[in-house]
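Below is one structure, written out as structure tokens, with a few remarks after it.
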Amino acid sequence: MPSTAKKPAHRIFYLAPPWPDPGQEITLARDEAHHASRVMRVRKGETIHLVDGEGHEGAATALGMWRGCLRLR
């Protein structure tokens, strides 16, 4: 019998260049952070995908909210 569980929506967010080196902590801007935490319900430990509008893509792990911004690594 096929599963009826919903798959999570794609978690793709914009991160303006320049991008940090791998492993560095970064902060997602307030508008993107609000959408991530309140609308998409991204939680600490989840992986999200980042794009910059210039063809670059990457993945980051959510570390949590801090002063209205989402911290990532």
Side-chain angles (χ1 to χ4, degrees):
M1 182 177 284
S3 173
T4 58
K6 289 185 179 181
K7 291 184 180 180
H10 293 290
R11 293 177 171 353
I12 302 172
F13 300 94
Y14 175 78
L15 179 66
W19 280 20
D21 292 329
Q24 287 185 315
E25 288 187 19
I26 55 173
T27 303
L28 202 56
R30 286 185 187 268
D31 289 343
E32 288 290 294
H34 172 81
H35 185 74
S37 67
R38 301 289 185 213
V39 178
M40 301 299 291
R41 301 199 184 277
V42 171
R43 298 291 177 239
K44 183 177 180 179
E46 282 190 61
T47 298
I48 65 169
H49 298 280
L50 302 170
V51 296
D52 69 357
E54 296 179 0
H56 299 106
E57 295 181 27
T61 301
L63 301 176
M65 293 293 289
W66 183 75
R67 292 189 176 184
C69 296
L70 181 62
R71 301 289 300 164
L72 305 168
R73 177 173 297 131

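In this text the structure is predicted, and so the values were computed from the model without any measurement.
Between Phe13 and Val42 the shortest side-chain heavy-atom distance falls below 4.5 Å. For the pair Leu50/Ile12, no side-chain contact is recorded, criterion being any heavy-atom separation below 4.5 Å from C-beta on.
Here side chain to side chain donor-acceptor pair (under 3.5 Å) pairs that include residues 40-51, with residues two or more places apart or in two chains, are Arg11-Glu46.
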Report, one line per pair, each donor and acceptor closer than 3.5 Å where one atom sits in a side chain of residues 23-33; sequence neighbours left out.
from, atom 1, to, atom 2, distance (Å)
Gln24, OE1, Asp21, N, 2.9
Glu25, OE1, Arg71, NH2, 3.0
Glu25, OE2, Arg73, NH2, 2.6
Thr27, OG1, Arg71, NH1, 2.2
Arg30, NH1, Arg67, O, 3.0
Arg30, NH2, Arg67, O, 3.0
Glu32, OE1, Tyr14, N, 2.9

Would you mind writing out the side-chain donor-acceptor pairs for residues 52-64 within the sub-3.5 Å range, not counting sequence neighbours?
from, atom 1, to, atom 2, distance (Å)
Asp52, OD1, Glu54, N, 2.7
Asp52, OD1, Gly55, N, 3.4
Asp52, OD1, His56, N, 3.2
Asp52, OD2, His56, ND1, 2.7

